[in-house]
Each structure stands twice: as structure tokens, then as C-alpha cells.
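These notes are about the structure you will find just below.
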Amino acid sequence: MAGGLLFHRLKFAHVSALVCAAALMVALRCGGGIRKFALASAMIAGISIAVFPYARAAIVALICGVVAVYGCERRSLVRAAVATIVLVCLGGIVVGSVAPLRHRFVSALTEQGNGQREHLLRAAFRAIDQHPWTGIGLGQFRPSKFAGVDAPKEIIDHPGKAHNQLVSIAAEVGVGGAIVFLVMLGSLLRRAWKTSYGSMTMGAVCIFAVLSTTHDPLFHAPFSMALVLAIGLGLRDQRVGDSGPTSTPT
């Protein structure tokens, strides 16, 4: 994982977002030196994501994930709304003050700046149209296989997926498989709401969901491993009625 994070900006940004969410959960639950250390870790992770990789989706996902963790820990929609406003304002200040990052967000409005996502999605939808229920096979989708005649060379040479995780899943395992995947995520969130550490699962799934709208985060093994670890951390015990959390491991 360390090598992958050091040499790939998106792997670094995506995994660091999960680290930030986990550190915030610890800070909200602990006191004294542990709280200070956790808060410092969360701040360092958040600032690193904003300053070093210039990852647009990761910044948005981080804000959503942090708000999800905070809102679940405090069980307050009002506090979550306030946290959202504060973080969005801080994010806007950071984006506006860092020129390369500001350019990255502005370039998202152009075809080159958004990574030719329109052509990538077209290729994926062609694959879905040809094999709507069975898919073309796990790990088999490549944009070049379904690129249109007007596709630029970048799409023909593109080694990845559709830059939309759910669309990529539907292309490879069919629409039914994509629905099953969504049901699985929903079941994890439902269970997380009943566990005392469920905020970590909520935050991790939220980060994953936001990233999935513009990336294929599961295409990167380090993030896949970190995501499963983060989700599992939040599901390790269960609330029973109103008696509070139990310590029985699952």
C-alpha cells in the first residue's frame, strides 16, 4: 500500500480521505492526548489532500465523509448542516487560494480537463446496451473495445474503466449485478446505523460513493483494501435496544 500511495496521487488522496475520517471519529470519542493526536492527524490528512495531489473529487468526498462521521457521532442534523457549511467555506478558500488547485477545478468544465469522461461513459453504455444483464465479464471492460468512431486517441489508449464505478460494474457484470452491489452498500449502511462505531462505515461509504461518480476507485487495489478495512472497523459491535453499545465482537 505504501508504494502505491507514494507514487500515485489519486491513491494517496483517496486513502488519505479514509484516514482523515477515521482520525476524526477517534477525536470525537476520546479525550486528552489521544484526542489531540487524532485531530492533528485528521488535519494533516485533510491539508495534504488539498495541497499535494490536486484531486478534485477527493476534496469533495473528504468533506462529505467528514460530515457523515460528525453527523453520525453527534446524531444531529443541525450540527451536520453547520459542519457542512463550515467545511464548504474552508474548501472554497483553499481552492481559491491555491492556483494549481483552482485551475484543476476550472478545467473540469472542459472536455480535456474532465478526462474525456463523456467518451468513456459512451463506451461503457455501449457495452451495457450489448450485454445488459450478463455484462461482458469481470475485469473485461476497456473503453477502447467499445469506443465510437469519433473517440479521441486518449480513449483508445485508456487502460482503465468508465470513470464511474457503478457504470463500470454494470458493464462488466450486468445491470442486475450493479443493483445487487447497491443493495449490499445499503445493507452495510443499515447495519452501521445500529453499531456504536458505525460512523466510520457511514463515512467510508460516503467517501466511496462520491468518488464513484467521477472515478473507478475500486480499480486501485490500495483503496479497495483501505475501504474494506474502514467499513469493517465500523461494524465490529452492535447496539441492543436503548441499552447502549455492547462489546461482543462479530
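By convention here, the first residue in the shown sequence is residue 1.
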Which heavy atom of [X] sits nearest a heavy atom of [Y], and at what distance?
X	Y	value
A162	L121	O-CD2, 3.7 Å
A204	I231	CB-CG1, 4.1 Å
C20	A42	SG-O, 3.3 Å
A230	L18	CB-CD2, 4.4 Å
I169	A178	CG2-CA, 3.9 Å
A58	I49	CB-CG2, 4.0 Å

Does [X] have any side chain to side chain contact (heavy atoms under 4.5 Å, CB included) partners at least two apart in sequence or in another chain, and if so, which?
X	result
L233	M200, L229, R236
I85	C89
V51	I47
C206	C64, A68

In the hydrophobic clustering that connects Ile, Leu, Val, Met, Phe, Trp and Tyr at side-chain heavy-atom distances below 4.5 Å, which members other than [X] occupy its cluster, ordered by chain and number?
X	result
V180	none
V228	none
V26	I34

**Request:** Would you list the pairs meeting side-chain hydrogen bond (donor to acceptor under 3.5 Å, both in side chains) in which at least one residue belongs to residues 205-214, sequence neighbours left out?
**Result:**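 Matches after skipping sequence neighbours: none remain.
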**Prompt:** Taking only residues at least two apart or on different chains, which pairs with a member in residues 60-73 satisfy side-chain hydrogen bond (donor to acceptor under 3.5 Å, both in side chains)?
**Reply:**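 Listed once each, the pairs are R29-E73, E73-S199.
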Check: [Y] and [X] side chains under 4.5 Å, non-hydrogen atoms:
X	Y	result
L185	V183	no
L227	L218	yes
R9	F52	no
F37	C30	no
H220	L10	yes
W193	M202	yes

**Message:** Aromatic contact between H14 and H215, with the criterion being ring centroids under 6.0 Å apart: yes or no?
**Reply:** yes
[atom1] of [X] to [atom2] of [Y]: how many Å apart, nearest 0.5 Å?
X	Y	atom1	atom2	answer
T195	L188	OG1	CG	10.5 Å
S41	K36	OG	NZ	14.0 Å
I207	I63	CD1	CD1	11.0 Å
F223	H8	CZ	NE2	13.0 Å
L211	N164	CG	CG	11.5 Å

**Request:** Indicate, with yes or no, if V86 and I93 share a hydrophobic cluster defined by side-chain heavy-atom contacts under 4.5 Å among Ile, Leu, Val, Met, Phe, Trp and Tyr.
**Result:** no
**Message:** If hydrophobic clusters are built from ILVMFWY residues whose side chains come within less than 4.5 Å, do Y197 and L28 share one?
**Reply:** yes
Solution key, residues 126-143 side-chain donor-acceptor pairs under 3.5 Å, sequence neighbours excluded:
unit_1 : atom_1 : unit_2 : atom_2 : d
R126   : NH1    : F146   : O      : 3.1
R142   : NE     : P159   : O      : 3.1

**Request:** Look at the rings of F181 and F208 and say which category their plane angle falls in: under 30° parallel, 30 to 60° tilted, over 60° perpendicular.
**Result:** perpendicular
**Fill in**
Contacts of T201 meeting side-chain hydrogen bond (donor to acceptor under 3.5 Å, both in side chains) (sequence neighbours excluded), chain-then-number -> none
**Residue list, side-chain hydrogen bond (donor to acceptor under 3.5 Å, both in side chains) with D216, at least two apart or on another chain** = S168
**Message:** So for atom NZ, which belongs to K145, do other residues, nucleotides or ligands contribute more than 12 heavy atoms lying within a distance under 6.0 Å?
**Reply:** yes
